[in-house]
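All of these numbers come straight from a predicted model, not from anything done at the bench. Just so you know, ligand 1 is whichever comes first in the structure, and atom 1 is the first atom listed for that ligand.
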Amino acid sequence: MDYKIAVIKGDGIGPEIVDAALPVLGAVGKAFGHRFKYEYLLAGGAALDADGEPLPKKTVKKSKDADAVLLGAVGDPKWDSNPGDKRPEIAILGLREELGLFANLRPAMVYDELSFACPLKPEIILGGLNILIVRELTGGIYFGKRGTEIIGEASAFSKIVDHLKGEKTLPPGRFAYDVEQYTEFEIKRIAKVAFEMAMKRAGRVTSVDKANVLDSSRLWRAVVEEVHVQYPEVKLEHLFVDNAAQQLIKNPKQFDVILTSNMFGDILSDEASQITGSIGMLPSASLGEGSFGLYEPIHGSAPKYAGMNRANPVATILSAAMLLRYSLDLSAEADAVEKAVGDYLRAGYRTPDILTEGKIPVGTEECGRRIADFVKKA
Ligand code: IPM
Ligand code: MG
């Protein structure tokens with residue numbers, strides 16, 4: 001069958017890791033008789049350079065026309081001093097919002113071959129680690145009202161400022177706010193995703209919030225409990241986010257699915273990825289209501305390694321596998337890619353980020369080629 005994939009290479013190492021992943025999709029196409037048609041689009045710094053906009057309208061429109069989006073990474077310190085609406089990150093946030101991608105799936109697992117890379121004591125991850133973080137992606141503090149005001153000066157938002165500071169008299173000077181907010185609707189739909197995922201895994205959901213302090217978290221907890229009623233087979237537990245951060249280090253194996261808000265998910269997913277010790281290996285999927293989704297490695301654009309043919313493209317390759325599984329409903333094809341990554345590691349190939357004594361060093365391009373070869377052999 002024919003499939004249309006929007007490809008956004010982005011900045012830094014983005015182009016190289018995507019270029020290494022496409023041959024793997026090519027091999028899948030050959031082996032299974034599919035045709036992947038790519039539409040190359042700009043976003044992030046690359047789009048700022050070309051159009052002066054981090055997220056051109058065309059990119060949004062063409063992405064919507066595709067079956068799925070594969071993204072490398074965006075961002076470069078070059079644009080750090082740009083105003084908020086002209087930063088490369090706007091591209092990511094805008095795509096998530098415009099494409100309705102409210103569910104972010106971030107697996108964190110340890111490969112047997114790479115367990116040495118885990119910075120924790122070996123016994124803590126003995127027997128493997130396989131966590132799936134389900135992060136709410138289009139709500140919360142990321143998309144709540146925000147602003148910077150000067151106390152005492154009238155502005156269009158004075159009413160909001162008055163409301164936020166309540167009875168308090170604030171000292172004169174600058175004042176900034178970002179509102180954490182959730183509707184029942186938003187919590188319900190992300191909770192469903194987490195329970196559905198848990199049904200296909202070990203059947204456990206840990207919902208992470210700060211219900212001892214935040215109203216939005218108390219609503220979160222209540223709604224998650226309500227949705228849980230439809231999933232009696234799944235074991236549900238609640239943790240406060242500070243405790244969750246601690247438990248992730250102390251005993252990460254206790255977790256199956258972690259369900260959490262946009263901001264907490266951002267932080268905990270970085271923490272979880274660090275535990276695996278191989279950030280260059282972890283993929284992610286951002287999904288909406290239907291099968292459409294955006295797939296990207298969890299790591300960033302690593303500008304200092306750009307153009308050096310040394311970045312690890314495995315996270316992007318595994319993101320492509322998630323794309324096959326979730327957006328194109330091609331699970332045998334996804335399995336083949338994941339198996340090929342395992343074969344590649346077992347054969348001893350290593351990009352510089354995970355290279356150890358006695359292994360075979362490869363660059364970005366060769367990594368993609370080797371994995372594509374393993375797909376062909378399957
Ligand atoms: C992530 C990133 C983004 C986020 C940034 C780049 C906006 O950190 O995908 O985790 O905070 O969501
Ligand atoms: Mg992040």
Side-chain angles (χ1 to χ4, degrees), residues 8-14 17-18 42-48 53-55 59-60 63 69-108 131-144 146 178-182 186 190 193 208 241 244-245 248 258-276 278-288 293-304 306 311 315-316 318-319 322-323:
I8 302 175
K9 295 186 182 182
D11 311 315
I13 58 170
I17 52 179
V18 170
L42 294 179
L48 276 167
E53 290 295 331
L55 183 60
T59 299
V60 174
S63 295
V69 183
L70 182 66
L71 187 138
V74 299
D76 189 295
K78 180 175 148 190
W79 294 285
D80 272 358
S81 56
N82 275 17
D85 62 339
K86 292 271 191 250
R87 292 181 61 98
E89 290 81 0
I90 284 290
I92 295 283
L93 298 174
L95 279 168
R96 289 172 184 169
E97 189 178 28
E98 298 264 357
L99 303 175
L101 306 170
F102 64 86
N104 188 209
L105 311 184
R106 298 190 167 188
I131 302 173
L132 178 67
I133 297 189
V134 177
R135 169 190 177 193
E136 199 290 325
L137 203 58
T138 52
I141 196 165
Y142 274 60
F143 292 91
R146 63 167 46 92
D178 301 86
V179 180
E180 170 77 346
Q181 54 183 46
Y182 271 110
E186 289 171 318
I190 192 70
V193 172
V208 173
V241 63
L248 263 174
I258 294 180
L259 161 65
T260 193
S261 64
N262 206 341
M263 176 78 137
F264 296 158
D266 180 44
I267 300 165
L268 293 180
S269 61
D270 264 32
E271 185 184 355
S273 69
Q274 190 59 52
I275 296 171
T276 72
S278 45
I279 291 166
M281 309 279 298
L282 300 176
S284 79
S286 303
L287 306 172
L294 180 146
Y295 302 82
E296 60 179 319
I298 67 145
H299 60 71
S301 56
K304 71 173 175 194
T316 314
L318 291 172
S319 300
M322 289 183 99
L323 183 157

Looking only at protein heavy atoms, which one is nearest to atom 11 (O) of ligand 1, and how far off is it?
Y142 OH, 2.6 Å
Can you list the atoms of ligand 1 that are under 4.0 Å from a heavy atom of R106?
1 (C), 9 (O), 10 (O)
Do the side chains of S301 and V74 get nearer than 4.5 Å, heavy atoms only?
no
What residue among R96, E186, R135 forms side-chain hydrogen bond (donor to acceptor under 3.5 Å, both in side chains) with N262?
R135
Ligand-residue contact atoms, ligand 1 with R135, heavy atoms, under 4.0 Å:
1 (C), 4 (C), 9 (O), 10 (O), 11 (O), 12 (O)
Does the side chain of T138 reach to within under 4.5 Å of the side chain of E136, using non-hydrogen atoms?
yes
Between the side chain of E271 and the main-chain N/O of S273, is any donor-acceptor distance below 3.5 Å?
no
Determine whether L48 and K78 make a side-chain contact, defined as any pair of heavy atoms from C-beta on separated by less than 4.5 Å.
no
Closer than 2.8 Å to the Mg ion (ligand 2), how many protein N/O/S atoms do you count?
1
So is D266 close enough to ligand 1, meaning a heavy atom under 4.0 angstrom away?
yes
I want to check something: taking the side chain as every heavy atom from C-beta on, are I131 and T276 in contact at a cut-off of under 4.5 Å?
no
Checking side chain to side chain contact (heavy atoms under 4.5 Å, CB included) against S63, which of L294, L55, L95 comes through?
L95
From D80, D76, D11, residue fulfilling salt bridge (charged side-chain N to carboxylate O under 4.0 Å, His left out) relative to R87:
D80
Can you find a pair of side-chain heavy atoms, one from T59 and one from I8, that are under 4.5 Å apart?
yes
Using a 4.0 Å heavy-atom cut-off, which part of R87 comes near ligand 1: side chain, backbone, both, or neither?
neither
Identify which of E296, E89, R96, H299 has a heavy atom lying nearest to atom 3 (C) of ligand 1.
R96
